[in-house]
Every structure is written in C-alpha cells, then in structure tokens.
Amino acid sequence: METSQGYSLFFFHAYEKPLKLAEALSSRKMILFGKLKLHLLSQRKHLPRTGLQNQLSTSEAMLNSLQDLHPLPKIILEYRQVHKIKSTFVDGLLAYMKKGSISSTWNQTGTVTGRLSAKHPNIQGISKHPIQISKPRDFKGKEKETVTISPRALFVSSEGHTFLAADFSQIELRILAHLSGDPELLKLFQESEKDDVFSTLTSQWKEIPMERVTHMDREQTKKVVYSVVYGAGKERLAACLGVTVQEATHFLERFLKKYKKIKDFSQTVISQCHHAGYVTSILGRRRPLPRICAQDQKLRAQAERQAVNFVVQGSAADLCKLAMIRIFAAVATSPTLTARLVAQIHDELLFEVEDAQVPEFAALVRRMMESLQQVQTLELQLKVPLKVNLTVGRSWGHLAPL
DNA sequence: CTAAATTCC
DNA sequence: ACCAGGAATTTAG
C-alpha cells in the first residue's frame, strides 16, 4: 500500500475490517503526507521521523517546517494546544470531582528516583502559569478575543481555612553544592542567602544588573543550569537558549570552568556506579544501573547521566519525604494543630490549615524543614543551609509570600 | 539533561 | 470496540 511513502499500515491492520477511505484520511498523517504530500514539497532533506517504526513525524518541529506550504499544520498545532488544555484542566478535572472536591491517588513507591507521583488526576502536572488561548477570530470581529485559564486557581481552600505552601528553594542545586563541595557553588548559598540564586547567576553570566533580570531570564537560567548539570550536549543547550551551537559550546565551557568540581563530582559518581553497578542517594537509597557497563555508547552514556541525576534528584526526594513525615509527626502529637497535607509537588508541600493557626503552623513547618540541614540520627550534615519559602492564600493559584 | 501522568492517534 | 506503543503536552529539579 502506501509504505513506499513512509507511513505504516497500522490503521489498516488494527481493525478487523478494512477502513473506508474517508475514515483512513481522518488521520493527520494521511492528510499531510498522503493527500497533500507536503513532505515532498518540503525543501528539507532529512525530515523528522519517529523512533522504531521510522514513520514521518507530526512533531512540532515538523509542523513548523511545513507551515509555509499549507495552512493545515498551524491549525493542527493550535488544535493540539487547545484540546489538551480543555480535556485535562476542564473536562478532566470535572470528571474526577466528587462532592465539590477531588482527591488524587498517590503512589509512594512508583518512581525510580524516590519522588512521589500522583494520578487521577495528576495534581503535580497541573499548569502553574495561566494559559492564554486566542479564540478563532470571527469574520466580523476585529478584536482578537482571548480566554485565559489558570488551572491552579480552580483549587480553593475550604471555609475558614487557608492554603499554606512550603517549598525548599533550589533544593537540587544545594544538594549538588554539598555533594560536590564546589567552592563557587557553596559560596553562592553560604553568603548570599537573602538573594535569589538564579537571579544572581543570571546577572553574573549575562553581565546585567540584578534589577534588570526578568522572570523569563530567571526561568531560562534555571533550565540551563539543570540541563548542564545533568549532562546536556551543546545541541540541546543551543536549542534551549535559542543561540548557535558555537555560542552554546562556549557557554558550556565557561560554566564548567567556573563550577569546576561539578565535573569531578559527575566523574566520581560514574566511576562508583561502574564498580558497584548502582548509585546511592544521600540517605542510602540505591538505584541499580546495569547498563553502566553496556557496550553500546548511547546506552552507557544514558546510564551515566541517570546515575548523576539520581544521586541529586534522589537525595532531594529523600529530604522532601523526610520533611513530610516529620511535619506529620509534629502535627499528630500537637495538642492544638489540625493542619492537613493536601498535595506534594516534589519540593513543595501544600497544606490546608485553619485561618487562626497559620502563624503557629508556618513557624513549625519552617523549623522542621530548615532543621534537616543536620539530622544526627541519620548522620546527615549539609554544608549548605536549607532555604524554605512559605506562601499562603485561599486559592492555590494566587499564593502570596507570608 | 533527568524524573513523572495524561491524552490522542 | 479494545489494545499497544509512541509522540506531544504539562509538571518538577
């Protein structure tokens, strides 16, 4: 059939009866590559393809490259964005709602790193930032109407209660500073404890004053730092920064030169993993990585990145879980406090607490979380302080610093 | 770069 | 009508 044009026979074999042509053409690939043959019109030599079946891809990059040829690719991209948002944040949440509230299922043992995960719904994946969607412009109207959805603002505390969120700031970076002992990184946390670290880093290597650092700059820095730490290549970094591969390479060298011991730390973790076959988090949890010995270069490189990632991300997960159970214990034994944990989003704990108890509870949470810098019984003694951010509000989407 | 869940095809 | 795997979306460092 159409195999010569590069798409699979899946749609035909998946059904007992052959599909009618009209049904078959409802597939985007059928339209894009079958009917319109846009891939043949494209100037590019190597079009994006999927992994195993080597089909032509309908990825974002592909559709972008095709959008000058036909209006359809852009429409597909818009449709994807809008539909995803409606189905997960509107229809999806409504489907899980029981008596005006929803309750996720939490899996405490489901991830390789030791983080928690949630499903039905995945409350950890609910968009943080409001999403703007432009309505299809009607032919008469001149104003482009937009509707904004802020999914987290849908969650409101019950009467007489407020949400209190407590999160560790830059927990993984602090753990990395501790484990690597990198002097520059340690300095960043030990002396400038008042400032925001990612803003400081942004102003340092973009060579702009602190007050000119925008939220976008800060978010980009955050992404870049973690990418680089966990072993991103120059191509990935270039794409992330929106610069050329040369510039990205230069940036990478400069970063690893300034924070020299990060590389040493990675190498140590990798060689330990190679000898033992596993890596260990700060509280002694293990992750086996048998592929660290693989002959295949790609598989081995992946295992090496996973090893480094686990030691840091897994250690952060250890501390977050420890914070959680210690706060549980403190609340359980308190004669007065009645706060309850509503959600856990990795390094953030979200509580619901009686309005009158907010100050007392906030103090308790801060004390519990910061005290994890040293825990004698676990022989834990971090070289960096742990910083805790507290925010409060009636709506999850509009929490303000305490 | 590393972790996840969800939705659609 | 369902399954399976993949791609793309979001989240978190």
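These values consider heavy atoms only, across backbone and side chains, with no hydrogens, waters or symmetry-generated copies. Chain identifiers are assigned alphabetically (A, B, ...) following the order of the sequence lines, protein sequences preceding nucleic acid strands; residue numbering begins at 1 within each chain.
- Using a 4.0 Å heavy-atom distance criterion, Leu116(A) is classed as making no nucleic acid contact.
- Counting non-hydrogen atoms under 4.0 angstrom, Gly233(A) reaches the backbone sugars and phosphates but no base.
- Relative orientation of the Phe255(A) and Tyr259(A) rings is tilted, given thresholds of 30° and 60° on the angle between their planes.
- Residue contacts shown for Ser227(A) include a base, since a base heavy atom lies under 4.0 Å away.
- Contact annotation for Ala118(A): backbone-only contact, meaning every heavy-atom pair under 4.0 Å involves sugar-phosphate atoms and none involves a base.
- Among the heavy atoms of the strands, none lies under 4.0 Å from Gln344(A).
- When ring centroids are compared, Phe351(A) and Phe361(A) come within the 6.0 Å threshold.
- The residue Leu237(A) sits apart from the nucleic acid: no heavy atom pair falls under 4.0 Å.
- Counting any heavy atom pair closer than 4.0 Å across all strands shown, Arg115(A) reaches a base atom.
- Put simply, Arg287(A) has a side-chain N or O that comes within less than 4.0 Å of OP1 or OP2 on dA3(B).
- Dashed line: the shortest gap from a side-chain N or O of Ser127(A) to OP1 or OP2 of dT10(C) is not under 4.0 Å.
- Using a 4.0 Å heavy-atom distance criterion, Val229(A) is classed as making no nucleic acid contact.
- Gln306(A) comes within 4.0 angstrom of the backbone, heavy atoms only, and of no base.
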